[in-house]
> 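Got a structure for you, written out below as structure tokens; questions coming shortly.
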Amino acid sequence: MIIVANWKANNVSTTSWLTQTGVDNDTKIVIAAPFTMLFLLASGPYLLGAQDVSMFPPGAYTGEVPAELLSELDVVYCLVGHSERRKLLGETTEVVGKKMARALEAGIIPIVCAQSFEEIPDLALNTPGEKFIVMFEPFEAISKEGKNNAVEPEKVRETVSLWKTKLPAGVKVLYGGSVNSNNVKDYASFVDGFVVGHASLDQVEFLKLIANASTSKN
Ligand code: PGA
């Protein structure tokens, strides 16, 4: 199971952040921090993730952060095509495909976020399943002021199993959208992990979520 904390654009205090998680090595914890905080999170019982990557290689692209610079910071995973970026910044599936390609070239595992199967770039269909991850999350499912807008477990179960029949063998499919320590058990037996926004900002809540997910996984 992979549990990704997506801190979004929040300023989380990294002082003594997750010194231990209390779970076995089968559960990978990924902290997808804002770029500026990746330095502060250099070591801990988690892997580093980024929330975005440039679609350009290193070079004259002001303001961009290319995949090679992220891998120098030991970033292992990178979200691409999060629904907030698609909706608020107009990111298209074509751009998401370019970002996925850049991450793969730099040896970073892209976590391709999609609200529907059509949002998964074609590149994913021709990439070995162990080289990337998919995350299902409709924009409407994102928690608002901590409110639970989660997709019904049955709908997530159906979506995950349908997508797995269409994607390359072995690909992991995560669910994101209002996951918290209370509802995580309702999903843990049929997903490969979670992307967690709001509930990852508070360390006590996030640790509870990790514990509950790992006792309910299949
Ligand atoms: P949420 O956000 O857990 O606050 O709903 C998840 C995400 O958008 O990655």
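Both ligands and their constituent atoms are indexed starting at 1 by order of listing.
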> Might you work through the side chain to side chain contact (heavy atoms under 4.5 Å, CB included) test for Tyr77 and Val4, ending with a clear yes or no?
CA-CA 9 Å; Tyr77 297 91; Val4 182; over 6 Å; no
> Would you please name every residue forming a side-chain hydrogen bond (donor to acceptor under 3.5 Å, both in side chains) with Glu84, sequence neighbours left out?
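Per chain and number, Glu84 pairs via side-chain hydrogen bond (donor to acceptor under 3.5 Å, both in side chains) with Lys8.
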> For Phe35, what residues pass the ring-ring contact (aromatic ring centres under 6.0 Å, His included) criterion, not counting sequence neighbours?
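By the ring-ring contact (aromatic ring centres under 6.0 Å, His included) rule, Phe35 matches no residue at all.
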> For Phe132, check ring-ring contact (aromatic ring centres under 6.0 Å, His included) against everything at least two apart and list the hits.
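Phe132 satisfies ring-ring contact (aromatic ring centres under 6.0 Å, His included) with no residue once adjacent residues are dropped.
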> Who are the residue neighbours of ligand 1 when the rule is a heavy atom under 4.0 Å from any of its atoms?
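Those residues closer than 4.0 Å to ligand 1 by some heavy atom are Asn6, Lys8, His82, Glu137, Ile142, Ser143, Gly177, Ser178, Val195, Val196, Gly197, His198.
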> Do the numbers put Lys185 on top of the ring of Phe194, so that NZ or CZ is under 6.0 Å from the six-membered ring centre and no more than 45° off the axis?
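No.
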> Is the backbone N or O of Gln115 less than 3.5 Å from a side-chain atom of Arg86, with the two atoms forming a donor-acceptor pair by type?
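Here the side-chain-to-backbone pair does not exist.
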